[in-house]
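Since the structure comes first, as structure tokens, the remarks are kept for the end.
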Amino acid sequence: MGDLAGLFTPMTVNEVLLQNRFVMAPMTRGFAQAGVPSGRSVEYYARRARGGVGLIITEGAAICPGACLVEQGIPAFYGEAALTQWGHIAQAVHQEGGRIMVQLWHTGLLRAMGRTRNDPTLLGPSGHFPVDGGAVAGTAMSQSDIDATIEAYAAAAAAAQRLGFDGVQLHGAHGYLIDQFFWSETNNRTDRYGGDVAERTRFCVEIVQEMRRRVGPFFPIGLRFSQWKLPGNYDIRPMTTASELERFLIPLADSGIDFFDCSTRRYWEPAYPGTDLTLAGWTKKLTSLTTVTVGSVGLSGPLTTGPGGHPSASPDTDFTALIRMFERGDFDLVAIGRALLANPAWPKRVRDGVFGALRAYSLHTKSVLH
Ligand SMILES: Cc1cc2nc3c(=O)[nH]c(=O)nc-3n(C[C@H](O)[C@H](O)[C@H](O)COP(=O)(O)O)c2cc1C
């Protein structure tokens, strides 16, 4: 099963020291009430820090009113009550010796995951998002909408720094707002936020630049991106070649990002024919920045959603491929999602080789475990 020692070595992201290479993947839990993280979220995150994970990336948190369905338990990252509670969460994680970054989220046209099809309050680059042969119809963002949204991201990053977080991650994956700008299907703008694959990064680049201006040079800023999109568009691949991926990544890398979190469902899958390099591997090769891999690490099956969703996945303790790719330098960090829901002490158990104690993940686990 290979030697995991390398994955238990420390590293720094910008100036933040992480104890090891394991990261808690961002996972929406729906625990919040009216946007305020619940009291049990404090212990929920503290337990994962105690369990030995090097870095926690929180569930996605709304950057401003209208960004997410806070009424369905999504936490806000604005307003005094929510921010006070986030401060308690960061403090509790630090008391356990952990590190924590908040995932900043704006769902854009996917606020209701494509279930609401006509709603002018849904904002996106061009006001439409393809879903099941139809489309969500919302509103194309004006320049003042864009300016206000960039300001909201920057204010959230500044709040994270003030509250003692160790950095922020922009949710630019899975078809949400930033990804709607990235994707040609949802971005037909003819102004400076539209155009080719590099030009479509401009919205994100301006967010990063404004955040950087506010938080200074040493506060880590990451970006999560993906080829796949919700709802159900797992197999699309907008960046069809490695050179297209490079045109996408370079402006982002130049904008002041510290790390890329490359969201895939199976960490070992090659991104393009001809080599076994994964999305994380290509991203590392093309940018040299810190790279996170993710997708079914420690589990027998990939994440799926909907009625055919994967109800359970048993522990997988064959880390041979993961170690080979890590030792080859394909990525620096490994995000663990469902395995950490089922096993808050997953990193410690794996480090100590206590594999028999690892529990399977199930949808049941997802709903009841804290
Ligand atoms: C319950 C649940 C909630 C999730 N919520 C988010 C989220 O808020 N933001 C995000 O970027 N990814 C989210 N994801 C995706 C995970 O971060 C991760 O990429 C995915 O689960 C694959 O990792 P795994 O196979 O280790 O679970 C979620 C996954 C799960 C299972």
Side-chain angles (χ1 to χ4, degrees), residues 21-32 37 41 44-45 48 53 55-63 67-70 72-77 101-108 110-111 113 168-179 222-231 234 259-269 278-280 292-306 309-317 319 322 331 333-344 346-347 350 358-370:
R21 310 309 182 92
F22 290 109
V23 175
M24 181 176 181
M27 281 177 288
T28 292
R29 304 310 311 280
F31 292 159
S41 295
Y44 165 79
Y45 285 116
R48 271 72 191 179
V53 75
L55 170 66
I56 289 168
I57 299 181
T58 71
E59 66 206 284
I63 58 156
C68 300
L69 278 183
V70 289
Q72 289 191 5
I74 310 290
F77 209 79
M101 301 187 188
V102 59
Q103 188 184 53
L104 300 178
W105 197 15
H106 193 310
T107 54
L110 279 193
R111 191 167 63 213
M113 280 284 281
V168 294
Q169 181 186 77
L170 288 171
H171 194 341
H174 309 167
Y176 296 112
L177 181 64
I178 292 175
D179 201 16
L223 172 69
R224 176 168 253 216
F225 76 98
S226 65
Q227 296 269 44
W228 62 272
K229 322 288 171 206
L230 289 164
Y234 282 125
F259 68 96
F260 286 106
D261 177 356
C262 309
S263 176
T264 56
R265 296 168 61 229
R266 300 176 188 85
Y267 77 87
W268 60 89
E269 277 182 356
T278 63
L279 192 62
V292 185
T293 195
V294 64
S296 310
V297 176
L299 285 179
S300 60
L303 174 69
T304 50
T305 54
H310 209 288
S312 68
S314 43
D316 174 13
T317 53
F319 298 107
L322 188 76
F331 49 80
L333 297 165
V334 180
I336 310 290
R338 293 160 298 151
L340 258 174
L341 292 184
N343 303 279
W346 189 90
V350 167
L358 292 174
R359 287 191 292 192
Y361 166 84
S362 72
L363 287 182
H364 181 62
T365 309
K366 176 185 147 189
S367 60
V368 300
L369 260 199
H370 295 182

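Atoms within each ligand, like the ligands themselves, are counted from 1 in listed order. Please read these numbers as outputs of a predicted model, since none were measured by experiment.
Note: no N/O pair closer than 3.5 Å links Thr264 and ligand 1 by distance alone. Where the criterion is an N or O separation shorter than 3.5 Å, residue side chain and backbone included, Thr28 meets it with respect to ligand 1. Residue Arg29 places no N or O, backbone or side chain, under 3.5 Å from any N or O of ligand 1.
For ligand 1, the atoms lying closer than 4.0 Å to a non-hydrogen atom of Gly60 are 8 (O). In the vicinity of Val294, heavy-atom distances shorter than 4.0 Å reach the ligand 1 atoms 19 (O), 23 (O).
Residues Val168 and Met101 have side chains not in contact (no heavy-atom distance under 4.5 Å, counting atoms from C-beta outward).
Taking a 4.0 Å cut-off on heavy atoms, Ala173 fails to register as neighbouring ligand 1.
For the side-chain hydrogen bond (donor to acceptor under 3.5 Å, both in side chains) with Glu59, the qualifying choice from Trp105, Tyr45, Tyr44 is Tyr45, the only one to do so. Evaluated for a side-chain hydrogen bond (donor to acceptor under 3.5 Å, both in side chains) with Asp179, the options His174, Lys229, Gln227 yield exactly one hit, Lys229.
Taking all atoms of both residues into account, the shortest heavy-atom contact from Tyr267 to Leu322 is OH-N, 3.4 Å.
Of all the listed residues (Arg265, Met27, Arg224), Arg224 holds the heavy atom that lies closest to atom 19 (O) of ligand 1. Within the set Gly172, Gly298, Gly337, Ala339, the minimum heavy-atom distance to atom 26 (O) of ligand 1 is found for Gly337.
For Arg48 (side chain) and Leu340 (main-chain N/O), a donor-acceptor pair under 3.5 Å exists by modelled atom type.
Side chains of Arg265 and Tyr234: no donor on one and acceptor on the other come within 3.5 Å.
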